[in-house]
Amino acid sequence: MTDTTLPTGDLPDDHDESYRVAAARSATLEQRISDAPSTFRVLTGDRPTGTLHLGHYFGTLANRVRLQRTGMDVLLVIADYQVITDRDSVGDLRGNVLGIVADYLAAGIDPARATIFTHSAVPALNQLMLPFLSLVTDAELRRNPTIKAEADAAAGRALSGLLLTYPVHQAADILFARANLVPVGRDQLPHLEATRTIARRFNDRYAGGQEVFPVPDALLTQAPLLLGTDGVKMSKSRGNAIELRASADDTARLLKRAKTDTDRTITYDPVARPEVANLLLIAALCTGQDPQHLAATIGTGGAAQLKATVTEAVNEHLRPLRRRRAELTSDPGLLLHVLHEGNARAKALADATLDSVRTLMAMTY
Ligand code: TRP
């Protein structure tokens with residue numbers, strides 16, 4: 001999930017194989033994307049537990065904007081029902097949802113082309129979960145490695161029924177739109193596998209094998225995993241994240257506190273010096289330079305100069321995005337309007353899908 005995503009290395013070994021398959025497949029998909037972008041419909045999304053940060057930006061947002069620019073249909077779910085999978089309080093849900101809409105638009109998602117919507121506004125999507133739940137076994141749900149890892153992270157707290165079943169809900173997110181391309185990080189691969197299984201089983205059981213639901217592909221994002229300023233995976237809940245909406249001063253303050261090491265000579269060595277390497281990587285991503293080259297230009301300037309370089313790079317790179325974001329949030333009606341339009345589009349699609357599902361299931365009265 002967005003905030004609690006596990007470092008990719010934490011997934012059990014038996015999923016390395018499915019990762020390798022998906023990675024190889026992603027390369028083929030990239031070729032097809034450049035040959036025939038209009039044959040794809042993308043669906044992906046975020047859990048609104050906070051606003052988006054630099055990790056999201058380089059990890060997924062930039063990629064979504066790239067896909068949108070090829071001309072393909074892009075749907076983005078702000079997964080509000082996923083917020084309550086593992087917590088009792090939704091926090092400032094409305095603020096987080098609108099904040100994410102602002103992040104999307106500021107990053108370059110075009111509201112006239114893309115469909116941005118929330119679960120809770122699309123009843124037919126949620127209703128699809130019922131037939132879909134009938135297509136999986138409880139053992140399959142319990143075997144899902146991401147769910148297992150999340151259950152372990154809950155440290156003995158009881159697992160909600162929604163946590164156990166949210167991969168099926170996520171299948172409904174994807175299948176209601178008949179999306180065939182799902183850009184995700186590695187931790188989401190088990191959910192994509194579940195979605196593929198559900199699509200196949202539905203097609204076999206209710207449609208004589210016809211592709212009522214296309215079997216979607218994961219598109220693995222190539223982007224590197226960014227660490228936060230404390231050297232652990234960037235995540236809002238750890239307070240180590242550079243938020244897209246942060247001011248230049250907040251960014252400078254956060255980066256000043258970033259963990260480094262005592263070696264004054266800056267080198268790019270992700271294994272021996274992960275924190276320093278991560279800061280170099282952030283600066284490199286922001287400036288389009290090579291991290292080794294950046295390290296060489298800082299040379300013996302030490303952590304202080306490294307931090308100054310990263311701060312400047314991040315603030316420069318995000319300046320236009322932040323300016324657009326500030327404009328967007330200054331008009332309170334605008335973000336809601338974008339969301340209402342997206343919700344209406346998603347609702348129409350979901351209603352049509354649910355209608356054909358009901359017909360195939362003989363539930364027409
Ligand atoms: N679980 C995803 C995450 O935390 C967010 C998400 C919800 C999603 N629905 C989706 C991603 C459908 C891809 C497709 O990152």
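Just follow the structure's listing: the first ligand is 1, and inside any ligand the first atom is 1. Basis for what follows: all heavy atoms, side chains included, without hydrogens, waters or symmetry-related copies.
- A tilted orientation is assigned to the rings of His169 and His119, their planes being inclined by 30° to 60°.
- Which parts of ligand 1 touch Leu43 is read off a 4.0 Å heavy-atom cut-off, strictly below it: atoms 12 (C), 14 (C).
- Between Gln82 and ligand 1, a contact under 3.5 Å exists for at least one N or O pair.
- Taking the six-membered ring where the residue is Trp, Phe202 and Phe132 present perpendicular rings, their angle passing 60° and hence far from 30°.
- For Thr118, the side-chain contact (heavy atoms from CB on, under 4.5 Å) partners two or more places apart in sequence, or in a different chain, are Ile78, Asp80, Val97, Ser120, Ala121, Leu339, Asn343.
- The proximity of Val77 to ligand 1, defined as any non-hydrogen pair under 4.0 Å, is limited to the side chain.
- In terms of polar-atom proximity, defined here as any N/O pair under 3.5 Å, His119 makes no such contact with ligand 1.
- A salt bridge is absent between Arg157 and Asp88: the closest approach of a Lys/Arg side-chain nitrogen to an acidic carboxylate oxygen does not fall below 4.0 angstrom.
- Counting the atoms of ligand 1 from 1 in the order shown, those under 4.0 Å from a heavy atom of Val182 are 13 (C), 14 (C).
- Environment of CZ in Arg94: sparse, with no more than 12 heavy atoms of neighbouring residues, nucleotides or ligands closer than 6.0 Å.
- Each of the atoms 11 (C), 13 (C), 14 (C) of ligand 1 lies under 4.0 Å from some heavy atom of Thr44.
- Looking at ligand 1, you'll find an N or O of Asp173 within less than 3.5 Å of one of its N or O atoms.
- Listed by chain and residue number, Asp138, Leu164 satisfy the side-chain contact (heavy atoms from CB on, under 4.5 Å) test with Arg142 (two or more places apart in sequence, or in another chain).
- Close approach of ligand 1 to Ala79 is summarised as follows: ligand atoms under 4.0 Å from at least one heavy atom of the residue are 7 (C).
- Close approach of ligand 1 to Val184 is summarised as follows: ligand atoms under 4.0 Å from at least one heavy atom of the residue are 13 (C).
- Salt bridge annotation for Lys347-Asp351: present, with a cationic side-chain nitrogen under 4.0 angstrom from a carboxylate oxygen.
- Of the heavy atoms in His191, none comes closer than 4.0 Å to ligand 1.
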